[in-house]
Number of protein chains: 2
Amino acid sequence: MKTRRASGRPTIADVARLAGVGAITVSRAIRDPNQVSEELRNRIEEAIRELNYVPNVQAQILASGQSNVIAVLLPSLTNSVYADVIRGIYDKVAPTRFHIQIGNTRYSEQEEDRLVALFAWQRPAAMLLAGLDQSETTRSFLADAEFPIVQIMEHGPAIDMGIGCSHKDAARAAVTHLIDCGYRRIAFLGARKDPRMMRRRDGYREALAALPGAKPIELLTPEPSGVARGRALFSQLLDTATDIDAVACGNDDLALGALFECQARGIAVPEQMGIIGFNDLEMAAAAVPAISTVRIDRYEMGRRAIGMLLDRLEGKKVGEPIVDIGFDVIRRASTSAVDQGVSAARSAKGG
Amino acid sequence: MKTRRASGRPTIADVARLAGVGAITVSRAIRDPNQVSEELRNRIEEAIRELNYVPNVQAQILASGQSNVIAVLLPSLTNSVYADVIRGIYDKVAPTRFHIQIGNTRYSEQEEDRLVALFAWQRPAAMLLAGLDQSETTRSFLADAEFPIVQIMEHGPAIDMGIGCSHKDAARAAVTHLIDCGYRRIAFLGARKDPRMMRRRDGYREALAALPGAKPIELLTPEPSGVARGRALFSQLLDTATDIDAVACGNDDLALGALFECQARGIAVPEQMGIIGFNDLEMAAAAVPAISTVRIDRYEMGRRAIGMLLDRLEGKKVGEPIVDIGFDVIRRASTSAVDQGVSAARSAKGG
DNA sequence: ATATACGATGGTAACGTTACCATGATTTCA
DNA sequence: TGAAATCATGGTAACGTTACCATCGTATAT
């Protein structure tokens, strides 16, 4: 008798033979133990231990038709923001039968279209996307996909499920905090121009609209973000608009860059210039002065997004399909100084 | 006739029927086109297009016995250092039939042991590990694994293949640069105490040994690294050793923290205090003053590590199994000042 | 011209698991 | 007490592909 088996790995048939039962009973004992009598279950478990049996995942998937891949499409893997999200995703998935396949869309809608189609053909068990701004093609393509889909980062109308927060509201709260501190000539700094960044800009505009006589001073670049980029942009801004007294930055990288530029020019923060960032990266709290920012629990967002997918895959009912995870404005030293006649809303929190 | 097929997805048999050939010929036409005559190849390709046929990966793996999973075990997913490595890994793997499965060892040898065993049972096509310091158990377990293994980050004796650099040499070069700048009372700051960190500490010691009369001043914590941690550690150090004039930091996070603490205490950098970091994170160049550091091409390291694995998997001969990717000491403003009678080796680069 | 090698193609049997249905034993209900 | 329902278990046939071997026709060597 001929065999093609290359690996010495034991099969379910080996276990069945050793335990003196049928192969299918072993299969059942593994997947749903209470379907099997205690006696057989014990014999099978012992056989599994003795042979060091590990099920062949590919065969399981082929036979059951059930994929164990959760496709995860993110715009960046390097960005700390997504690193935290990824950590949450992996932690939640680890103890399950599922595993993650990551795709990097590089902030490109075109690349996202390509990857969604590519991954969808592989029939993933579920899919996780960042943001709500997929192309019309992709949205309608996914609208009648048979697998659950969760969109993270933002709060709003999702294809299937979603968890995140309103970046517009968050940015508005941040800028409102600057206004409460007494700053009046407030600029906005942005980079990359991805959808979240643009919504933060919108929040900035809304907050400013509530400040009589204030008009927006904005500087955005489509180039990738970074501390050096923040410094260069803020330098450019200072050369143009000489009378600004605060800057709301689209993220903490830019904010740290702005702080460095202030240091280089001898501008006192927060006395002469207020600075607030976004994301609450670790460095923000340690800077001198500590940088005010907006915190979103990204790790938890990743965890809960996967949790929602798992619930659906297990047939459980998902409570709320669209979750607002909220945000916190973190008040620190970089925005605590000036008070030009307005009762400055200072906070006891932070550095 | 009954069928269990749930998905309407076309199979290789459908393609074969439409093209009027045998299923195996379709299989060959996909895997190695020159084995099939041009006429049939064209007919098959057209049938594939028409049916929108995509091969079932699970069935391929089951039938061929060849896995397409490359297991990647890293100590952290959040750390920017590994984020860059991961980017390189994904970019190199993307156009191949392989895909990545990431495990997070959290800088724990125990967790690494567990994950190596777990992944190895799944029979990956290849494995990528960080560092050379696996437990004896894991090393001997992997020594007779039948899949190729590459260890990244460090240069030295690998289980199978390796790519990285000597962190000891790199740190020695960094500290030697401080000495060349005229600094004499040089301290070392470290966190996490992972193997790379300890080798950098050793490099620091070696460099100091070449400086007559100098004795090591070291402060290391097993706690995770970070900017805040760097600030706290350096503050502690300054309270103890009041006469130090420079600090070599085990990474850029710590270095930035040290810089912030100097700012907070009004210590002039580089005049009163030289600072050098490690890794050349993006922020280092943008800080005020710009922070000197050691650069390793992590993205390229990730790419080439996967390249080595792919070469082996395709039966190609790998040139050198143990590659030294080298490093560069990046001289910037944070180490350019003092000159106490020694000819300071200032650099035109950076700053 | 004939034996031999080679190239192109196909049939059949795996790969290791699970779905479906059948069987016999046990329990439940009228 | 007998019929129906339920439970535990097993046999067989898929899942969709590739490995192995066989076949046939054509080119090459003697």
Side-chain angles (χ1 to χ4, degrees), chain A residues 1-45 47-48 51-68 97 121-123 125, chain B residues 1-44 47-48 51-69 97 121-123 125:
Chain A
M1 183 158 61
K2 192 152 15 132
T3 175
R4 260 167 52 196
R5 273 176 59 193
S7 82
R9 179 143 63 148
T11 71
I12 205 169
D14 297 326
V15 176
R17 210 172 303 121
L18 182 61
V21 299
I24 189 65
T25 307
V26 176
S27 175
R28 269 194 287 257
I30 292 170
R31 284 173 300 149
D32 189 0
N34 2 347
Q35 268 190 62
V36 178
S37 69
E38 197 180 327
E39 195 205 327
L40 288 195
R41 199 168 50 213
N42 290 337
R43 292 224 307 267
I44 289 168
E45 278 168 7
I48 287 176
L51 295 175
N52 242 325
Y53 168 73
V54 180
N56 181 316
V57 187
Q58 317 303 344
Q60 285 181 317
I61 297 169
L62 182 59
S64 68
Q66 295 204 358
S67 159
N68 63 346
R97 72 181 182 90
W121 270 119
Q122 313 268 12
R123 310 263 162 170
Chain B
M1 183 156 64
K2 190 153 18 135
T3 176
R4 259 168 56 198
R5 273 176 58 193
S7 82
R9 179 141 68 147
T11 72
I12 204 169
D14 297 326
V15 176
R17 209 172 304 119
L18 183 60
V21 299
I24 190 65
T25 306
V26 175
S27 174
R28 268 195 288 260
I30 292 169
R31 284 174 298 150
D32 188 1
N34 4 349
Q35 268 188 63
V36 178
S37 69
E38 198 180 325
E39 194 206 325
L40 289 195
R41 199 169 50 215
N42 290 337
R43 290 223 309 267
I44 289 168
I48 288 176
L51 295 175
N52 242 325
Y53 168 73
V54 179
N56 181 316
V57 188
Q58 317 303 343
Q60 285 180 318
I61 297 170
L62 182 59
S64 68
Q66 294 204 0
S67 158
N68 64 345
V69 173
R97 70 181 183 88
W121 271 120
Q122 312 267 13
R123 309 266 162 167

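Order of the sequence lines fixes the chain letters, A, B, ..., with proteins taken first and strands second; residue numbering starts at 1 for each chain.
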Starting the side chain at C-beta, find the nucleotide from C:dA19, C:dT17, D:dT17 nearest to A:Gln60. C:dT17

Should A:Ser37 be listed as having a side-chain N or O under 4.0 Å from OP1 or OP2 of D:dC7? no

Distance check needed: C:dA14 C1' versus A:Gln58 CD, whole Å only. 17 Å

From the list B:Leu18, B:Asp14, B:Ile30, B:Ile44, side-chain contact (heavy atoms from CB on, under 4.5 Å) with B:Tyr53 holds only for B:Ile30

Figure out the CD1/C1' separation between B:Ile12 and C:dG11, and round it to whole Å. 14 Å

Report the nucleotide, chosen from D:dT17, D:dT9, D:dA19, that has the shortest atom-to-atom distance to any side-chain atom of B:Arg31. D:dA19

Could you state the atom-to-atom distance from CZ of A:Arg17 to P of D:dG10 in whole Å? 14 Å

Nearest-Å distance, CD (A:Gln35) to P (D:dG10)? 13 Å

If the cut-off is 4.0 Å, is A:Arg41 near the phosphate of D:dT9, judged by side-chain N/O to OP1 or OP2? no

I'd like to check B:Val57 versus B:Asn68 (side-chain heavy atoms, cut-off strictly below 4.5 Å). Are they in contact? yes

Nucleotide D:dT17, atom P - distance to CD1 of B:Ile44 in whole Å: 13 Å

Taking atom types as modelled and ignoring hydrogens, do the side chains of A:Ser27 and A:Arg31 form a donor-acceptor contact shorter than 3.5 angstrom? yes

B:Arg9 side chain near B:Val54 side chain, heavy-atom distance below 4.5 Å: yes

Just the rounded figure in Å: distance from C1' of D:dG16 to CD1 of B:Ile30. 12 Å

Check this one for me: any side-chain N or O of A:Ser27 less than 4.0 Å away from OP1 or OP2 of C:dT18? yes

Have a look at B:Arg28 and say if it touches a base, only the backbone sugar-phosphate, or nothing, with a 4.0 Å heavy-atom cut-off. base

Between D:dT17, D:dA8, C:dT18, spot the one nearest the side chain of A:Ile24, thanks. C:dT18

Pick base, sugar-phosphate or nothing for A:Ile61, based on heavy-atom distances below 4.0 Å to the nucleic acid. nothing

Evaluate A:Arg97 against A:Gln60 for side-chain hydrogen bond (donor to acceptor under 3.5 Å, both in side chains), listing each step before the verdict. CA-CA 11 Å; A:Arg97 72 181 182 90; A:Gln60 285 181 317; over 6 Å; no

Just the rounded figure in Å: distance from P of D:dT18 to CZ of B:Arg97. 11 Å

Is any side-chain N or O of B:Thr25 closer than 4.0 Å to OP1 or OP2 of C:dT9? no

Heavy-atom donor-acceptor pair, A:Arg9 side-chain to C:dG16 base, under 3.5 Å: no

Value in whole Å for how far the P atom of D:dG16 lies from CZ of A:Arg123: 11 Å

